A.B. asks: 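One structure follows; several queries about it will come next.
This structure is a prediction, so every number in the text was calculated from the model and none was measured. Atoms within a ligand are numbered from 1 in the order they appear, just like the ligands themselves. Below, all heavy atoms of this structure are taken into account, side chains as well, without hydrogens, waters or symmetry copies.
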Amino acid sequence: MSRPGSKIIQAKLVLLGDMGTGKTSLALRFVKGQFLDYQESTIGAAFFTQVLSLNEATVKFDIWDTAGQERYHSLAPMYYRGAAAAVVVYDVTSMESFLRAKKWVQELQRQGNAKLIMFLVANKVDLEDKRKVGNEEGEQYAKENGLVFVETSAKTAHNVNELFYEIAKRLAKAT
Ligand code: GDP
Ligand code: MG
């Protein structure tokens, strides 16, 4: 429900990060409130929509998810075109995925969209005993590169709604 007089923002959000980090799971958790233990990486909707109502605005998200093209370590320009927000995801149990996340951030920076709102998401924090990437490592990298840092679990839903609310808030502020 949008408040009378509040603005409506349509925002394209792109999900980036290596295969298996939980991009589709985060989108499904946010949009449908569900989680699947065995998510086939190349299958699933490549596009989700969801509406979030804040006091100051109603944000209509168009969420672009990959259908496995990230395995080639780059995405077609149309994937990024017109994006207002980008979420780069890594898996805290994989140092490799964190190193790759940095490459995805560079790839985003190459798109040259200075207004893009960028988030770095450390997913799968429910697997604390298997953690390979410390909270401070992610936090530090995000700080140095002007990204907002959030730790999530698509499995337990930890911080998932908070992540999208924070993105919506920043979009509302910037629009
Ligand atoms: P994508 O390739 O980045 O879209 O990753 P998926 O969403 O397909 O997830 C890859 C695998 O990791 C699947 O088996 C998911 O069930 C699992 N997964 C995703 N998010 C989490 C999480 O937060 N915690 C745990 N334990 N597993 C997760
Ligand atoms: Mg996927």
A.B. asks: Report, in ascending order of atom number, the atoms of ligand 1 lying under 4.0 Å from any heavy atom of Asp37.
C.D. replies: 13 (C), 14 (O), 15 (C), 16 (O)
A.B. asks: Counting only heavy atoms not in Lys143, do more than 12 fall under 6.0 Å of its NZ?
C.D. replies: no
A.B. asks: If you count the atoms of ligand 1 from 1 in the order shown, which ones are under 4.0 Å from a heavy atom of Ser153?
C.D. replies: 23 (O)
A.B. asks: Could you check which of Lys155, Lys130, Lys124, Lys23 puts a non-hydrogen atom nearest to atom 17 (C) of ligand 1?
C.D. replies: Lys124
A.B. asks: Between Lys132 and Asp91, is the closest basic N to carboxylate O distance under 4.0 Å?
C.D. replies: no
A.B. asks: Might you point out which heavy atoms bring Asn123 and Ala154 nearest each other, and give the distance in Å?
C.D. replies: OD1-N, 3.2 Å
A.B. asks: Can you tell me if, anywhere in Met19, an N/O/S atom lies at a distance from the Mg ion (ligand 2) that is smaller than 2.8 Å?
C.D. replies: no
A.B. asks: Is it the side chain, the backbone, both or neither of Leu36 that has a heavy atom closer than 4.0 Å to ligand 1?
C.D. replies: backbone
A.B. asks: Contact between ligand 1 and Gly20 is defined here as a heavy atom of the residue under 4.0 Å from a ligand atom; is it met?
C.D. replies: yes
A.B. asks: In this structure, does ligand 1 have an atom that sits under 4.0 Å from one of the heavy atoms of Asp18?
C.D. replies: yes
A.B. asks: Aromatic rings Tyr79 and Trp64: how do their planes relate, parallel, tilted or perpendicular, breaks at 30° and 60°?
C.D. replies: perpendicular
A.B. asks: Are a donor atom and an acceptor atom from the side chains of Asp62 and Gln10 found within less than 3.5 Å of each other?
C.D. replies: yes
A.B. asks: Taking only heavy atoms of Asp126, which atoms of ligand 1 are found under 4.0 Å from at least one of them?
C.D. replies: 22 (C), 23 (O), 24 (N), 25 (C), 26 (N)
A.B. asks: So, regarding Ala154 and ligand 1 (criterion: nitrogen or oxygen to nitrogen or oxygen, under 3.5 Å), is there a contact or not?
C.D. replies: yes
A.B. asks: With a cut-off of 4.0 Å, which atoms of ligand 1 are near a heavy atom of Thr24?
C.D. replies: 4 (O), 7 (O)
A.B. asks: In ligand 1, which numbered atoms sit nearer than 4.0 Å to a non-hydrogen atom of Leu127?
C.D. replies: 26 (N)
A.B. asks: Is the Phe61 ring parallel, tilted or perpendicular to the Phe164 ring (thresholds 30°, 60°)?
C.D. replies: perpendicular
A.B. asks: Would you sort out whether Glu107 and Lys103 count as a salt bridge (charged side-chain N to carboxylate O under 4.0 Å, His left out), showing the intermediate values?
C.D. replies: CA-CA 6 Å; Glu107 165 98 2; Lys103 301 279 179 199; over 6 Å; no
A.B. asks: Going by atom types only, do Asp65 and Thr24 share a side-chain donor-acceptor pair under 3.5 Å?
C.D. replies: yes
